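Everything below concerns the one structure shown next.
One is the number of the first residue; the rest follow in order along the sequence. As the structure is a prediction and not an experimental result, all values here were calculated from the model. Counting starts at 1 for both ligands and their atoms, following the listed order.
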Amino acid sequence: MRVISHLAGRPAFLPLTSRATSYASHPHLQTLSRFTPLRDSPFIKRQLHLAPPFLLDDYTPRYLTLSSVDIAKKRAKAYAHLRKCNLCPRKCGVNRYKETGVCLVGAETVKVNVIAPHFGEEPCIQGHHGSGSVFFSMCNLRCVFCQNHDISHQRNGQDLTPEELAEWYIKLQEVGNVHNINLITPEHVVPQVVLSILHARELGLRIPIIYNTSAYDALESLELLDGLVDIYLPDFKLWSPASCKRLLKAEDYADAARESIKAMHAQVGDLCFTPDGIAKRGVLVRHLVMPGLEHEGSEIMKFLAEEVSRDCFVHIMEQYHPDAYVGRPKTRGASAANGEAGEKRYAEINRAVTEEEVTSVRKAAEKAGLWRFIEPPRHDGFHL
Ligand code: SF4
């Protein structure tokens, strides 16, 4: 492997915090089924996701096809958005060079927790060499069950300029030999990400860009990313405004996710692969099944089939575990005053999901007409 000169002398990959290994347990990053029966499910019938029209002979990342005029416009818009930030549905309207909004991140730099080749993503994303993952600190959502809260709710990590970030993309490509650059929780730093991709293009980046998002994005943000992102990897977490308000602290989450995922699909379409089984362009939607909320998952599947595409590639994830604020003792306020000491916060989701809950979402997806799923591997090797 070749170490390019301007990166020589730096550590191999970014050991940004003491929690750098925690990403291995991130729900985004685990694909194995813990429910053995699903492996033998009658749902697993066909492997047509690699067949035409979802098969590409070859692929050139979209950012390599932009004209110099498009590039200049993107740069100008990125800086303009930072001066009046409406880049997510929080719509803070702040000048991020002078103050911060809800996401608590400024304009000049981004805070990054981990940068490394990663082998815990979906097989079509991680491939044989790993996905070049960049975990941004902080988030524009406040999920009470955040499966990655040490990164997303805390300001752990290292500040990097867009130019420094671009150098890490090149290092991931040249030293890590990864299949893609996977930007994880980037919703609140889209302008900096845009500038970093454009700079990396000049440095020789040539692998696809993945925008790995909660789907709490503004349409303006997705417009800025159009032409730069090859694969959109949105979560669709919850459906009802009441659940979104209580568990994500964003009552309008589902509205934003619906609009965002439709806009993402309009840009890049259904997920497509090259013959090696690696995803190169399109949308892959993730849904983490939540305890007692499988009916919301079923609504999400119906929406994807009816309003996005029946060929939408979907990953129904079953690895939810109580985390962050879930299951913590109630110590303040009315509950303590009412003598409810010992009660747990968010008790209704303080357990793992059951096999029945996962199966019901899967059945709803099939009933709605979806058929392209990330399946659990039926062997211990690669699953392409
Ligand atoms: S990214 Fe969202 S939360 Fe952050 S300042 Fe902009 S509008 Fe506010």
Practice item. Identify whether the distance between the nearest side-chain nitrogen and carboxylate oxygen of Glu357 and Arg362 falls below 4.0 Å. Key: no
Check your understanding: Tally of protein N/O/S atoms under 2.8 Å from atom 2 (Fe) of ligand 1?
Key -> 1
Practice item. Could you tell me whether Asp58 and Lys280 make a salt bridge, using a distance below 4.0 angstrom between a side-chain N and a carboxylate O? Key: no
Check your understanding: Are Glu356 and Lys363 ion-paired here, with the side-chain N under 4.0 Å from a carboxylate O?
Key -> no
Review point. Would you say the side-chain atoms of Arg96 pair up with the backbone N or O of Ala107, donor to acceptor, closer than 3.5 Å?
Key: no
Review point. By ring-ring contact (aromatic ring centres under 6.0 Å, His included), which residues pair with Phe303, not counting sequence neighbours?
Key: Phe236
Practice item. Return yes if some donor-acceptor pair links the side-chain N/O of Gln173 with the main-chain N/O of Gly204 below 3.5 Å, else return no. Key: yes
Revision key, fill the gap. Atom 1 (S) of ligand 1 has as its nearest protein heavy atom Arg96 NH1, 3.5 Å
